Amino acid sequence: MTTVHDSAVTAVTDDLTVWPATTIETRSGDTAVGGVPLAELADRFGTPVYVLDEAEVRDRCRTYRDAFPDAEVLYAAKAFLCRAMIHWMDQEGLGLDVCSAGELELAVTAGFPADRIVLHGNAKSPRDLETALRLGVGRIVIDSPAEIARLAAAVGPRGHQEVMVRVVPGISAGGHEKIRTGTEDQKFGLSISDGYAQHAIARILDQPQLRLTGLHCHLGSQITSVKPYVAAVRRMVGLMSRLRDQYGLVLPELDLGGGHGIAYRPVERSLDLTALARKIRAELGAACAAAGLPVPRLIIEPGRAIAGPAGIALYRVLAVKRTGLRTYVAVDGGMSDNPRPALYGVRYAPRLVGRRTTDDRTRVTVVGRHCEAGDVLAADVELPADVRPGDLLAVPVAGAYHLSMASGYNLVGRPPVVAVRDGRARLLVRRESLDDIRSRDVGV
Ligand SMILES: *Cc1c(COP(=O)(O)O)cnc(C)c1O
């Protein structure tokens with residue numbers, strides 16, 4: 001974080017708390033990340049552009065490794081994946097959690113060891129399973145009864161595959177209804193309470209080519225309290241203990257999924273990873289001791305908390321319009337590169353970058369360029385009153401679930417991704433061009 005010397009600047013830099021640690025305010029009033037001023041990136045790569053701070057990604061990986069030294073940490077690829085991310089995860093000693101043949105194949109062809117990859121999915125296609133077996137994926141997480149026989153048949157009588165079972169612990173947690181996956185009434189997993197989980201486990205044990213290594217649960221996403229995780233440990237160990245009693249089965253692994261919440265705005269708080277690690281370890285130790293079980297090896301799967309705070313979306317202001325009630329600031333991206341506000345009603349704290357501004361702030365609504373009234377990036381936020389077309393707006397905490405959920409809406413084309421590190425910028429993913437779009441359009 002930058003050190004600031006005069007109070008007028010302090011007021012503005014306060015909102016850098018959710019930015020990458022390398023963020024500073026430059027002498028000319030620009031904001032620099034990874035040693036590169038954002039206006040320079042906009043000039044060089046055009047806008048909109050997504051900026052990824054490599055040091056921030058790596059720091060976050062190390063924070064996990066330090067907080068959970070005995071656990072296996074898998075990065076949830078769906079948050080954001082490209083070959084550079086895959087290399088960074090490999091170098092930082094993380095595994096990967098994927099949920100499609102595409103994510104899996106990109107990772108393995110980029111050199112990521114397949115045995116450190118776990119395949120998820122509530123509806124795995126034949127191609128997903130075929131790819132997983134062909135590439136030798138480490139574990140497959142079974143999510144439905146039908147998958148058991150299908151997978152056993154695909155593995156073949158002489159084959160061998162390690163699997164886990166996704167269990168619904170019956171715990172409600174997560175930042176929005178659409179991302180709560182630990183409760184009964186949603187599509188993921190097999191429930192403990194209605195016995196489907198136990199039933200699926202019995203069927204897996206009947207398949208000699210499938211080796212059950214552990215139970216898996218994923219409560220949801222954007223969870224900011226440790227309590228639901230502690231409750232999940234208790235329920236999962238409860239099931240492990242019943243499995244031991246019933247089948248003499250002692251499972252060596254327990255996967256608690258991801259969902260660790262982060263702050264998108266300075267007023268929000270993130271999940272405390274040190275407290276999470278401490279409380280999970282304590283609960284796991286106590287519950288296993290009470291049940292007379294050995295402590296299983298813990299697996300966790302953070303996605304958002306690794307990629308989210310390392311990314312910045314950089315837009316150019318195209319129009320500023322005052323209506324009776326509001327001032328609209330329209331930028332050159334929107335719901336096609338970031339569908340999260342429309343999907344979950346999330347809020348962001350955009351920042352004017354690239355030039356010095358007056359300290360007068362005014363309430364505006366930042367909107368995208370797409371043909372929907374719901375294409376709102378940030379409603380009712382404070383920006384300098386002199387915001388005008390040509391300005392640059394940066395949205396921090398844009399590294400997860402933006403580009404991985406990007407769409408082709410309005411044929412705008414998906415933005416490029418640029419990595420910054422030690423004062424240098426390099427293109428990781430190029431902008432989607434009209435030629436890209438045209439080349440898929442093969443019929444008349
Ligand atoms: C989405 C998902 C994750 C990662 O969730 P985050 O909120 O990004 O940490 C981990 N595991 C599974 C099974 C998931 O579906």
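When a ligand or atom number is given, it counts from 1 through the structure's own listing order. Here the structure is a predicted model, which is why all the values come from computation and not from measurement.
When side chains are defined from C-beta on, R351 does not count as touching P396, because their heavy atoms never get closer than 4.5 Å. Side-chain contact between Y75 and E92: absent, with no pair of heavy atoms (C-beta onward) separated by less than 4.5 Å. In this structure, P350 and V381 have side chains that are in contact, with non-hydrogen atoms separated by less than 4.5 Å.
If you check the side chains of S125 and D128, you find a donor sitting under 3.5 Å from an acceptor. If you check the side chains of Y50 and D337, you find a donor sitting under 3.5 Å from an acceptor.
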Which protein N or O atoms sit under 3.5 Å from any N or O of ligand 1? Give atom names and distances.
{"from": "ligand 1", "atom 1": "7 (O)", "to": "S221", "atom 2": "OG", "distance (Å)": "2.2"}
{"from": "ligand 1", "atom 1": "7 (O)", "to": "G259", "atom 2": "N", "distance (Å)": "3.4"}
{"from": "ligand 1", "atom 1": "8 (O)", "to": "R304", "atom 2": "N", "distance (Å)": "2.7"}
{"from": "ligand 1", "atom 1": "8 (O)", "to": "Y401", "atom 2": "OH", "distance (Å)": "2.5"}
{"from": "ligand 1", "atom 1": "9 (O)", "to": "G259", "atom 2": "N", "distance (Å)": "2.8"}
{"from": "ligand 1", "atom 1": "9 (O)", "to": "G303", "atom 2": "N", "distance (Å)": "3.0"}
{"from": "ligand 1", "atom 1": "11 (N)", "to": "D97", "atom 2": "OD2", "distance (Å)": "3.1"}
{"from": "ligand 1", "atom 1": "11 (N)", "to": "E301", "atom 2": "OE1", "distance (Å)": "2.6"}
{"from": "ligand 1", "atom 1": "15 (O)", "to": "K78", "atom 2": "NZ", "distance (Å)": "2.6"}

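Aromatic pair H216/H120: centroids less than 6.0 angstrom apart.
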